[in-house]
Structures are given as structure tokens and as C-alpha cells.
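First the structure, in the form of C-alpha cells, and then the observations on it.
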Amino acid sequence: MTEGAAVVTGGLHRLGIRFLRDRWRVLVRLGGWSVLETGQTFLTGYAPARALDDGFLAGRPEAGLAWLGAAGLGVAVGAYGTARVYAAVAALVEPLRDRLVARVVARGVREADGGALSGLTQQVEIARDTFAGLVMVSRSFLFTAVGALVGLFSLDPLLLLVVGPPLLAGVALFAATLRPLARRQEAFLVSDEALADDLGTVCPGLRDITAAGAEDRVAADTGRRIDAEFRTARSLARWSVLRVASLAVGGRLPIVLLLAAAPWLLAHGVTTGALVGALAYVTQSLLPALSNLVHGLGTSGSRLLVVLRRLIRGADDPSDGTPLACTGPDGRDPDATPVPQSGPDPTTAAPALSLTSVTFAYGPTAAPVIDDLDLTLPIGGHLAVVGPSGIGKSTLTALVAGLLEPRDGTIRVCGLRVSQAADRRVLIPQEAYVFTGTLAENLGHLRPDPVPEPELLAAAEAVGLTPLLDALGGPAARVDPAALSAGERQLIALTRAYLSYAPLALLDEATCHLDPVAEERAERAFAARPGGTLVVVAHRISSARRAGRVLVMDGRRTAYGTHDELVRVCAPYQDLVGGWTPVPAGRSEPALPLRDADRVDAVAGPGLAGDGRHVVAHGPVGQVQAPGDLRDGGSLGGQG
């Protein structure tokens with residue numbers, strides 16, 4: 001177990017103890033109803049023993065029938081207790097589910113990963129069902145074992161001497177295998193999920209894999225995951241043999257010992273009825289309870305531990321409720337030191353974004369979409385990314401957001417590697433995500449705590465959401481995503497990102513459904529965020545004019561500068577600008593098509609981060625390009 005896993009496991013233990021301590025009344029109620037089942041278990045062996053010894057074998061059938069009737073009554077009472085036990089278990093399990101759901105939703109939306117949110121939500125249901133099963137089997141074994149052992153002692157202490165030692169040995173052997181079994185169960189689950197994720201990515205993208213010439217690489221990656229799952233499954237199977245052995249020692253060996261020792265037991269005063277009762281205790285109570293414990297705790301318990309580790313790890317937000325800021329190598333906050341207008345002092349603060357020799361291609365034999373790109377954006381900077389459709393603008397934002405990994409080079413956000421900077425950048429894609437709930441819940445989903453209403457209203461006013469907020473009925477109004485237009489959904493997503501603590505905002509055509517006036521207001525709001533940095537994939541030239549710097553993308557050849565500089569010296573940018581003239585107020589400004597003419601864009605899907613180097617096809621074919629500001633003039637290289 002790694003150090004990180006050990007820390008998380010220790011945290012799980014503390015959280016578990018606190019969770020149970022807060023619900024001690026439920027535990028008391030659960031124990032009280034379980035006592036009825038203990039009575040049923042006690043009568044399972046004791047009543048038949050008395051029915052034989054004091055009834056049928058003594059020539060008193062009425063006494064025997066009376067004892068059997070008592071056993072039947074015990075079954076009825078035990079069934080009633082079992083029904084009440086389920087209600088108590090529900091009172092224990094549902095609060096756990098509610099807490100996990102709250103953690104999962106906050107974490108998943110905070111990381112802006114819909115696929116992760118869906119997977120984690122499924123894990124919450126696994127955790128709930130598994131926890132309920134574990135409570136049932138653990139409680140059942142405990143109270144069943146107590147009832148059976150008390151019954152054996154009541155019939156004859158010699159019976160307890162025969163049954164007790166192998167039972168304890170079996171339980172001890174099982175307990176000794178729990179930790180190594182849990183480790184191997186976790187390794188198997190990890191490899192199984194990695195294989196499932198890989199196949200879920202590969203199978204829908206087979207055409208793109210073939211088109212990119214990535215068959216050998218994808219086959220090798222998938223083969224390694226299959227081999228890893230096979231190795232972990234074989235290791236788990238070997239250790240599972242000890243689980244079967246513990247069941248044989250603790251549950252089946254006592255039967256053999258009772259039968260083998262029957263003559264000796266009878267010779268030492270154990271009655272026939274007591275011997276039959278002891279066999280009933282072992283076969284009808286102890287063996288089934290131990291079997292349920294071994295299989296339930298041995299398999300489901302390991303799975304629950306693994307799932308809870310994943311749900312708890314990273315779920316507690318270390319933030320103290322203050323916005324994050326880019327910090328320098330020494331860990332100091334640049335907001336504490338005045339930053340000159342020309343850019344931050346490199347000795348006190350790291351750049352908001354830096355790319356060093358970054359190269360990325362969709363497939364090992366494909367031409368690079370981004371080739372040896374260097375870029376530095378200071379804190380508070382405003383960058384517009386422009387270029388023909390399909391040139392890699394969205395790929396760049398996906399790399400900065402951590403959805404893709406570069407083939408070569410490094411990307412740092414606020415001085416941290418992308419994998420460590422999830423809470424320092426927020427990506428707003430073209431397709432805005434809005435869920436059913438209140439408007440306040442939608443807007444505050446990237447915050448660990450509820451957003452105060454004055455701050456929420458101020459953000460809505462800054463971004464331009466106030467008219468929609470008023471039309472819906474205020475922050476507490478319920479939102480129906482299907483009833484909103486694409487532009488209204490984008491305004492909600494933009495305000496949500498504006499309220500987040502992430503200092504770097506990436507707008508990947510996130511305003512494409514807004515009119516130019518609304519787009520300008522939203523971009524200026526993000527550019528004016530205190531300590532904030534803005535990167536905009538521009539689809540209108542007005543976005544480029546507003547930005548302090550413009551990046552013109554052309555594969556290996558790129559240009560970087562202000563709008564005025566690029567208009568004078570960069571022929572590709574001149575071609576993109578074309579004959580653009582300012583649009584009079586009140587008129588619609590035409591925009592570029594959001595994707596290329598074939599509707600195939602190098603944008604990673606949710607499952608492609610890290611190892612998915614494929615093109616994702618989406619949308620209808622043949623959409624006509626509208627005349628716009630940044631016209632697609634083909635490859636920039638062709639514009640010389």
C-alpha cells in the first residue's frame with residue numbers, strides 16, 4: 001500500500017468512526033432488533049435437543065411437540081426482528097449515500113469532468129449497496145455466533161470445546177487474509193477499470209484510429225492492460241484459496257469433529273438430543289453465517305474500501321474559501337506584491353501560463369497539430385487564439401486544461417504542471433452544461449461552499465446574466481435546461497466559471513451563441529477579474545482586437561503580438577481579418593463556423609486524456625460557412 005493510500009485509509013477510518021458515533025442511536029436500535037434473531041438462533045439447536053431428550057426419547061411426545069412449537073415461534077419472532085433490522089440498516093446507509101453524493105457532485109463539477117462525475121456517481125451506488133450488505137452479514141455473523149455458542153454451552157460445555165476451537169481458527173485465518181486480499185482486490189479493480197476505460201475509448205474511435213495510423217500503438221496499449229488484468233486476477237485467485245480454507249476450517253471441520261467425537265461425547269454424558277442440537281447449530285446457523293461473512297466481507301468489503309478511497313481522496317477541499325492565485329516558485333502570492341503593467345516580476349511570481357517546446361499529434365504517424373510551441377502569458381494577461389478551422393485552437397485549450405498530454409514539451413499553469421493545477425484553470429467549452437436545479441446551484445457548482453447572494457448577483461451583472469436571472473425569477477428559481485436557448489446556457493456556464501476560484505479561464509468558443517455586445521461584456525468581465533488571466537479561442541475578430549495579445553496558429557509557424565502589430569507584419573493574420581469593418585450597434589456580427597467544413601475537429605473527448613490520440617468526429621457534414629471576421633482561408637502556410 002502506498003503512503004498516499006495509507007493516509008487515505010487512515011482518513012477513512014476516522015471518518016467511519018465519526019459517522020457511526022454520530023448515529024449511535026441507530027446502532028442501538030439495530031442491536032436491539034438483532035437480539036430477536038439471536039433468540040431464534042438459540043432455539044434452532046436448543047429446542048430440538050430438548051424435544052428429543054425431554055420429549056420423544058422420554059416417551060412424552062406432547063413435550064417434544066411443545067419444544068418444536070417454541071422453535072417455530074422463535075422463527076416467527078426472528079422474522080419480525082429481521083424486518084425491523086432492514087429499516088435500521090436503511091437509516092444507517094442512506095445518510096452515507098447522501099454524504100457521498102454531495103462530495104462526488106461537488107468534486108466532479110469542480111473539476112468540470114462529466115465523465116468522471118458519471119463514474120463516481122455509479123461508485124456511490126456501489127458503496128451504498130456494498131455497505132448495506134456488509135452491515136447485514138457482519139451483524140448476522142456476530143449475533144448468530146453469540147446465540148449458537150451460548151446454546152452449545154447450555155446443552156453441554158463439552159460441545160463448545162469441540163466446535164469452538166476450529167471456529168475461532170477459521171475466523172482468525174480469514175482475518176489474516178483480509179489485508180492482502182484487499183490489496184489484490186484493489187489492484188484487480190484498478191486494472192479492470194483501466195481496461196474498461198480503454199475499450200470504451202478505443203471501440204467508438206476505431207475509424208479514427210485507422211485514419212491516424214495508430215493501430216499498432218493502440219493494440220499494444222490495450223494488450224498491456226489485458227495482461228495487467230490477467231496478472232492481478234491470477235494473484236487474487238491464489239489468495240482466494242485461503243478464504244475457502246478458512247470457511248472449511250471454521251464451518252465444516254466442526255461437523256466432522258462432532259461426528260468423529262460422538263462416541264466419546266456420548267460416553268462423557270452428552271445426550272443424543274444435545275449432539276443433534278450441536279449439529280443443528282453448526283449446519284443451520286454457524287456455517288451459513290460464516291459463509292456469508294467470508295464471501296461478503298472478503299469480496300464486497302475490499303470493493304467498498306477501494307471505492308471509498310476513490311470517493312474520499314481529493315473530495316475534501318483544502319481551500320479555506322478564498323480564491324486561488326498563481327504563486328511563484330517560492331510559494332508567495334503575487335497579489336501580495338505590486339505587479340508592474342509590463343508583466344510580473346519573474347523572481348516573485350510564475351507566469352499564469354507557459355508552454356515550452358510543446359508538440360502534439362493525433363497518432364504516432366500523424367502530422368503534429370501543434371509543433372514546438374513556446375508561449376508565456378503573464379498573470380492578468382488576455383490572450384486571443386486565432387487561426388483557420390481545424391488548425392488546433394481547441395487542441396491547445398485541451399492541452400492547457402489537462403484533457404490531452406503533449407507528445408513533447410511542458411505546460412505549466414501558475415508554475416505548476418498541468419496535472420497538479422486542476423484547481424487553477426477552468427475550461428468553458430462551446431457546449432455549455434446546465435443541470436436541473438436552482439439557478440444558484442448551477443452558478444455555484446465550481447465553489448466548495450454556497451456563494452453569498454450579493455456576490456452571485458454581482459457576478460451575474462458583470463457577465464451579463466442579470467436579465468435572464470430576473471426573467472427566471474431570481475437565484476432560487478428552478479432551471480429547466482431544455483427550456484433555455486444555447487446562448488442562455490452559455491451565459492450560465494460563463495457566470496459559473498467567473499465565480500470559480502480558478503485564476504486562469506479558458507474560453508473555447510464559449511460565447512459563440514451570444515451576440516457581439518453580450519460577448520464583449522462577458523470577455524471584458526473575465527479580463528477584469530482580480531488576479532485573473534484569460535485565454536479566448538476567438539471566432540470574431542473583435543475578440544482579437546480586445547485582447548492584449550493574439551496568437552496566430554499555423555502548425556509549426558505561429559505569430560504572436562498585438563492586433564495592430566500582426567495586422568502590419570503577419571500576412572496570415574491579415575487574411576483572417578480580411579475586409580472586416582466594425583459592426584454598428586444593434587446589428588448582428590457574423591461569426592466563423594465553429595468547426596471546420598468537414599465537421600472533424602481535433603478535440604479530445606472525455607476519455608481521451610493521456611492515451612487517446614484520436615480525432616473525434618461530431619456533428620452534421622456539409623454546413624455552409626457564413627461570412628465572418630476570421631474567415632477560413634485554408635492553411636496559413638498557403639498564405640505565405
Side-chain angles (χ1 to χ4, degrees), residues 113 115 194 197-202 204-225 351-377 383 385-422 424-425 427 429 504 506 508 535 537 551-560 595-596 600-618 635-637:
D113 188 348
D197 289 342
D198 183 69
L199 293 177
T201 299
V202 168
L206 290 176
R207 180 185 300 175
D208 298 324
I209 293 171
T210 302
E215 300 97 323
D216 293 339
R217 177 174 180 175
V218 172
D221 290 344
T222 304
R224 283 193 293 270
R225 286 178 172 82
L353 175 64
S354 65
L355 288 78
T356 305
S357 303
V358 172
T359 299
F360 178 84
Y362 288 91
T365 60
V369 178
I370 296 175
D371 194 356
D372 199 30
L373 176 63
D374 293 310
L375 175 68
T376 299
L377 184 63
L383 174 69
V385 183
V386 302
S389 297
I391 200 64
K393 303 184 295 293
S394 292
T395 300
L396 176 62
T397 60
L399 287 165
V400 175
L403 300 178
L404 294 174
E405 293 181 3
R407 176 194 293 177
D408 298 303
T410 59
I411 303 174
R412 292 185 178 274
V413 176
C414 299
L416 302 175
R417 290 187 177 273
V418 169
S419 59
Q420 303 170 327
R424 283 169 169 76
R425 78 279 188 281
L427 172 64
L504 175 61
L506 307 168
D508 184 9
V535 176
V537 173
L551 173 67
V552 185
M553 295 191 63
D554 179 24
R556 184 172 185 83
R557 294 190 298 172
T558 59
Y560 180 68
R595 303 289 181 230
D596 61 1
V600 178
D601 189 30
V603 181
L608 300 186
D611 61 347
R613 312 262 183 201
H614 332 305
V615 175
V616 179
H618 52 84
S635 171
L636 290 178

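Heavy atoms only: backbone and side chains are in, while hydrogens, waters and symmetry mates are out. These numbers come from a predicted model, not from an experiment.
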- Message: Go through it in stages, so that I can follow the logic: the residues are Leu427 and Leu403, the test is side chain to side chain contact (heavy atoms under 4.5 Å, CB included), and I'd like the CA-CA distance, side-chain angles, deciding distance and then a yes or no.
- Response: CA-CA 10 Å; Leu427 172 64; Leu403 300 178; 3.9 Å; yes
- For the pair Leu399 and Leu355, evaluate side chain to side chain contact (heavy atoms under 4.5 Å, CB included) and give the outcome as yes or no after the intermediate values. CA-CA 10 Å; Leu399 287 165; Leu355 288 78; 5.9 Å; no
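Taking Asp374 as the reference, Thr356, Ser357 meet the side chain to side chain contact (heavy atoms under 4.5 Å, CB included) condition, with sequence neighbours excluded. Residues passing the side-chain hydrogen bond (donor to acceptor under 3.5 Å, both in side chains) test with Arg417: none are found, sequence neighbours excluded. Applying the side-chain hydrogen bond (donor to acceptor under 3.5 Å, both in side chains) test to Thr376 and every residue at least two apart in sequence or in another chain returns nothing.
The closest side-chain heavy-atom distance from Arg425 to Val418 is below 4.5 Å. In this structure, the side chains of Leu396 and Val535 stay at 4.5 Å or more apart for every pair of heavy atoms. You'll find the side chain of Ile370 reaches within 4.5 Å of the side chain of Met553, heavy atoms only. Looking at Thr558 and Leu373, their side chains come closer than 4.5 Å, going by heavy atoms from C-beta outward.
Going from atom OG1 of Thr395 over to atom CZ of Phe360 covers 6.0 Å, rounded to the nearest 0.5 Å. For the atom pair CZ (Arg424) and CZ (Arg412), the distance works out to 13.0 Å, reported to the nearest 0.5 Å. Atom-to-atom distance recorded for Asp508:CG and Thr397:OG1 is 3.5 Å, nearest 0.5 angstrom.
For the side-chain contact (heavy atoms from CB on, under 4.5 Å) criterion with Ile411, the lone passing option out of Ser419, Pro406, Ser354 is Pro406.
The two residues Gly392 and Val369 come nearest to each other via the heavy atoms CA-CG1, 3.5 Å. The two residues Leu375 and Leu383 have their closest heavy-atom pair at CD2-CD2, 3.8 Å. Between Ala361 and Ala367, the shortest heavy-atom contact is CB-O, 3.8 Å.
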